[in-house]
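Atoms within a ligand are numbered from 1 in the order they appear, just like the ligands themselves. Excluded from the calculations below are hydrogen atoms, water molecules and symmetry mates; all remaining heavy atoms, backbone and side chain alike, are included.
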Amino acid sequence: MVAVGSAVALSGCSQATVEQWTRWGLPEAASDRAPFIGNLWSGAWIASMIIGVLVWGLIVYAIIKFRRKSHDETPKQTQYHVPMEVLYTLVPFLIIGVLFFFTVQAQNGVLAKTEAENPHQIDVIGQKWSWSFNYREAANPAVGSDAHTVGTIESIPTLYLPLNKPVRFNLQSADVIHSFWVPDFYFKLDVIPGHPNSFDVTPTKPGDFLGKCAELCGTYHAQMVFNVKVLPEAEYNAAIKELAASGQTGDLVAPSFPTTGPKKEG
Ligand SMILES: [Cu+2]
């Protein structure tokens, strides 16, 4: 901590960067599911640090305590030490067991379905090399129809989300495995062809964020980015209504949905 603290102080970091250090590098949380992953992440770092200090301490102790004292004498040789061997077989299992326990708890937390009756539903289609979003708002009286946005490699799509309202994402792929990721939500989930995935999340921070593909899916993987705009619900409804009004109504269904490669030059 001293090393981290002085590194931060010496580099003259901004307040925001210093705060990011206190989250062990995570961005500021922007969803209701963030605490599960945030706590697992911090806890794993703290546990690693404790184990690291213990191991480094034992190494330094052994180096000093067991220095060669005489040039003539061979040190005492220990071939088998059963309690020691049992210990260093059991301890890793214990570490894995503890990490496993907390990982399962965090996983159950982030994957739990919302208790809200009618969450906003957005179908996400990952396609080489962009994202398309299908807002299922036909039953929402403030919108009245479904609407969609088709992203391409040339036009980065924007995903609109309602602030503090649960959203159910249904993930489909048109081609290969992608991974839907908004880093500020502390959440990502694979988008697998022929295997729809879904998860619920409530955005808790208004503003603009960046989303990306987190699964190396091919040549233009790095360009699979999208903008995220978290708006108060009334503004969200208005944005979706505007999409519908511009003719972007109806459904997009993978895998019949075409992939969008970059345009050929010339
Ligand atoms: Cu991808």
### Task
Please name the residue in the list D200, N170, D146, N140 that meets the side-chain hydrogen bond (donor to acceptor under 3.5 Å, both in side chains) test with Q121.
N170

### Message
Would you call the rings of F180 and F226 parallel, tilted or perpendicular, taking 30° and 60° as the class edges?
### Response
parallel

### Query
Hey, what's the ring geometry for Y160 with Y135, parallel, tilted or perpendicular (30° and 60° as the breaks)?
tilted

### Task
Write the atom name of the N, O or S atom in H178 that is nearest the Cu ion (ligand 1).
ND1

### Query
Do any of the N/O/S atoms of M224, backbone or side chain, fall under 2.8 Å from the Cu ion (ligand 1)?
yes

### Query
Any N/O/S atom, backbone or side chain, of H221 lying under 2.8 Å from the Cu ion (ligand 1)?
no

### Other residues, nucleotides, ligands: >12 heavy atoms within 6.0 Å of K205 NZ
yes

